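These notes concern the structure reproduced below.
Note that the structure is a prediction, hence the values are computed from the model and not measured. Within every chain, numbering begins at 1; the chains are lettered A, B, ... in the order of the sequence lines, protein sequences first and strands thereafter.
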Amino acid sequence: MDVGTKLHASIITTGLQTFPNTYLRNAVLQMYAACGCVLSARKVFNEIPLSYKDTVDWTTLMGCYARGGLPCGLIDKTRRIFNEMKEKSLVSWTVLLGGSGEMGCFENARLLFDEMPDRNKVASTIMTAAYIENGLTKEAFGLLREMVFELNFVALCSWLSACAQSGNVIVGKWVHVYALKMMKNEIDIMVETALINMYAKCGRISDAFRVFNVMPRRNVVTWNAMLSGLAMQGKGDTVLDLFAQMIREVKPDDVTFTAVLSVCSHSGLVDQGRHFFRTLESTYGIKPSIEHYSCVVDLLGRAGHLEEAESIIRGMTIHPNEVVLVSLLTACSVHKNLELGECLMKELVQMYPDNTEYHVLLSNMYSLAGKNDKANSIRVVLKSRGVKKVPGTSSIHVGGQIHCFSAGDKLHPQSQDIYMMLDEMIRKIRLAGYVPDTACQKFSGSDGGECYDYGQEEKEHALFSHSEKLAVCFGLLSTRAAVFNRYAYGINT
DNA sequence: GTAGGGTTAG
């Protein structure tokens with residue numbers, strides 16, 4: 001960059017600006033754009049006479065504003081430049097699309113993609129990534145299917161991400177075979193990392209290791225994918241062993257510690273987690289991020305060290321977000337600390353006045369503490385707003401199809417069998433000593449959000465029809481052990 | 001000369 005700036009200065013001092021040498025100016029514009037110097041790029045752009053500005057110059061300037069890492073809001077500027085352009089190229093459309101996708105304006109990106117007069121695989125890959133990021137895996141697969149005959153490394157990565165997120169290991173394996181054929185066993189490191197992530201997220205740890213172990217080169221992202229996959233499966237000891245190996249090969253980064261701290265939390269490795277968090281900056285030179293705070297609060301909260309977790313939150317250099325506060329709130333609920341819980345909920349209700357879940361939780365907490373007046377006043381507010389809660393869903397991949405369930409729904413063709421299985425499972429877990437915690441079920445039901453107090457039986461029913469349980473029961477009925485299950489539970493289809 | 005890819009907490 002320094003060399004570039006000096007070069008620009010010398011261009012100006014030699015007086016070239018008085019004889020508009022547009023090739024030179026265009027090159028300077030490219031240079032500033034490539035370095036992310038928005039203001040300098042804008043200045044040079046303004047210096048180019050209007051008749052000399054071509055579509056590439058306009059698009060380059062758009063790219064400056066649209067590129068990631070810039071503060072939000074610059075997408076408006078990108079669009080303004082786009083609107084000013086007389087002739088828009090496919091690349092200009094793509095820059096705007098990429099900017100919208102990156103800055104979280106998903107709906108805008110979708111509209112743009114539909115509006116585009118022409119598309120190519122770059123635009124489709126951007127849109128696929130946006131779909132995946134927003135959890136719309138089905139739409140992502142739809143686009144990828146259109147691109148099936150022009151797949152390259154980039155598209156394969158997007159495809160693998162979609163597989164990882166939807167748990168579709170069958171398509172993921174197909175992509176693996178395709179990649180091996182396409183690249184004659186010399187797979188790109190990013191595709192290999194995406195493969196590790198896909199296998200690990202789909203629960204195929206040994207397949208993930210098989211890819212990982214034969215890789216000729218591994219970087220920090222590869223290690224992170226492996227560690228995060230193991231962390232997700234709760235393999236605490238394996239993660240810590242692998243971490244020790246990793247630091248001999250590459251320098252760990254912030255993502256590494258998100259995986260390490262998260263697995264410490266889920267495996268109850270409190271001392272190790274605490275140690276990693278404390279030495280994050282001094283030993284590894286990493287400033288704790290919101291994700292690290294979230295993990296360590298979760299770690300301490302789960303273990304019942306509520307005060308320590310709270311003092312970490314209060315001492316945070318960045319503002320705690322919803323995830324961090326909810327982690328501690330959940331711990332308060334588990335360890336029955338009403339005082340701190342109430343305090344956190346008030347904070348959450350203030351921070352997110354439109355999120356009714358916190359109002360519901362706060363109201364329940366007041367009820368439990370016998371403060372019915374306070375509980376009722378919140379209920380009145382909720383009723384007057386007529387709020388509806390969007391039901392959560394769980395899905396399971398069986399026989400090449402994704403089966404999706406929401407709490408209490410009976411839409412699945414095998415619904416009757418699923419509920420029979422559910423009854424049987426509940427009978428078994430009750431016998432094993434499970435007592436449902438119905439305190440938190442006061443409002444949330446399967447009816448889409450009406451606010452009222454359930455009777456004990458209804459509360460238990462709502463809890464037992466939870467979407468995840470339905471998906472698991474369907475899995476038990478439909479996978480390899482299905483014959484045994486049907487026999488054992490007397491279910492016939 | 002301008003556009004697209006892999007890893008992140010609950």
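- Note on A/Asn197: a side-chain N or O is less than 4.0 Å away from OP1 or OP2 of B/dT7.
- For A/Trp58 and A/Phe45, the ring centers are positioned less than 6.0 Å apart.
- In terms of polar N and O atoms assigned as donor or acceptor, the side chain of A/Asp188 never comes within less than 3.5 Å of the base of B/dG6 in a complementary pairing.
- Residue contacts for A/Ile189: at a heavy-atom cut-off of 4.0 Å it reaches a base atom on one of the strands shown.
- Between B/dG6 and A/Lys201, no contact under 4.0 Å exists linking OP1 or OP2 to a side-chain N or O.
- One cannot find a donor-acceptor pair under 3.5 Å joining the base of B/dG5 and the side-chain atoms of A/Asn152.
- OP1 and OP2 of B/dA9 both lie 4.0 Å or more from every side-chain N or O belonging to A/His266.
- Distance from the side chain of A/Ser327 is smallest to B/dG10 among B/dT2, B/dG4, B/dG10.
- Counting distance only, with no hydrogens placed and no angle test, the side-chain atoms of A/Asp54 and the base atoms of B/dG1 include a donor-acceptor pair under 3.5 Å.
- Scored by the ring-ring contact (aromatic ring centres under 6.0 Å, His included) test, A/Tyr178 finds A/Trp174 as partners (sequence neighbours excluded).
- Judged as a ring-ring contact (aromatic ring centres under 6.0 Å, His included), the pairs with a partner in residues 187-240 of chain A (not counting sequence neighbours) are, in order, A/His176-A/Tyr199, A/Phe212-A/Trp223.
- Minimum atom distance to the side chain of A/Ile290 is reached by B/dA9, of the listed B/dG4, B/dA9, B/dT7.
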